[in-house]
Every structure is written in C-alpha cells, then in structure tokens.
Amino acid sequence: MNVQRKIKKIMSMNKGEKEIALRKLAQDLGCSLYSTYEGDKHYEDEVVRRIQEAGRSIREARMWWIAVGSAIAAIISALAAWTAVILSSCMAR
C-alpha cells in the first residue's frame, strides 16, 4: 500500500469526488476525522496530513517487525558459528 500514490491519485479528482475519496481513505487507515471539518466541509490539508501520518505509522510498524526478524536471524547465525567453533575444537582433540 503506497499512501502517497493514493493521495496523488485522489488529488487529481474533482472537488466532490476528492473529498469523498479522502474521507474513505482516512477511514480505511483508521484516521480520526474529529475536528477536521467546518459545517459539512472537511479541511483538505488536515485530512491529507492525518492520512500521511497514518501511512507513516503503518510503515514504521512494518519496519519494526523487519528489525526484530533481522535481530533473530543474527542471533541464530551467531549461535551456529559458535557451535561450529566448539565442534571443530572438540574434533581437533
């Protein structure tokens, strides 16, 4: 999911469609639309900012899992190397 591409596509729509599409994307990403409107009109800049923040948050959460996976792989690799050293020193005796 590339949020920036979706925003760019939405921003090329006409005003009525743009507001509906922005609101739907914000709701899909779990953004709050509280105090982003005056009457029945949403503040476009604020909605876009919140959508970008939600996209960034999702991306950072994914990166956290990748970092944890990398750390686990490094630990397994270190254990394998340590085991190989111990086994080779035992075999040399």
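It should be emphasised that the depicted structure is a prediction, and the values quoted were computed from it without experimental measurement.
- Residues passing the side-chain contact (heavy atoms from CB on, under 4.5 Å) test with Leu87, sequence neighbours excluded: Thr83.
- When all heavy atoms of Met11 and Leu22 are compared, the pair lying nearest together is SD-CD1, 4.3 Å.
- Here Met63 sits in one hydrophobic cluster together with Ile66; the rule is ILVMFWY side chains under 4.5 Å apart, joined directly or through other members.
- With a 4.5 Å cut-off on side-chain heavy atoms, Arg5 and Lys8 do not count as touching.
- With rounding to the nearest 0.5 angstrom, the CZ atom of Arg50 is 11.5 Å from the OH atom of Tyr43.
- By the 4.5 Å side-chain criterion applied to Ile, Leu, Val, Met, Phe, Trp and Tyr, Trp64 is assigned to a cluster that also includes Trp65, Val68, Ile72, Ile76.
- By the side-chain contact (heavy atoms from CB on, under 4.5 Å) test, Ala54 is found to be paired with Leu29, Cys31, residues two or more places apart in sequence or in another chain being considered.
- Atoms CD and CD1, from Glu53 and Ile58 in turn, are 11.5 Å apart once rounded to the nearest 0.5 Å.
- Evaluation of the side-chain contact (heavy atoms from CB on, under 4.5 Å) rule for Arg59 yields Arg56 as partners, not counting sequence neighbours.
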- Given salt bridge (charged side-chain N to carboxylate O under 4.0 Å, His left out), test Lys24 with Asp28 step by step and report yes or no. CA-CA 6 Å; Lys24 182 177 180 339; Asp28 290 346; 3.1 Å; yes
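- Scored by the side-chain contact (heavy atoms from CB on, under 4.5 Å) test, Gln27 finds Arg23, Leu33 as partners (sequence neighbours excluded).
- Placement of Ile7 and Ile20 in two distinct hydrophobic clusters is found when ILVMFWY residues are connected by side-chain heavy-atom separations under 4.5 Å, directly or transitively.
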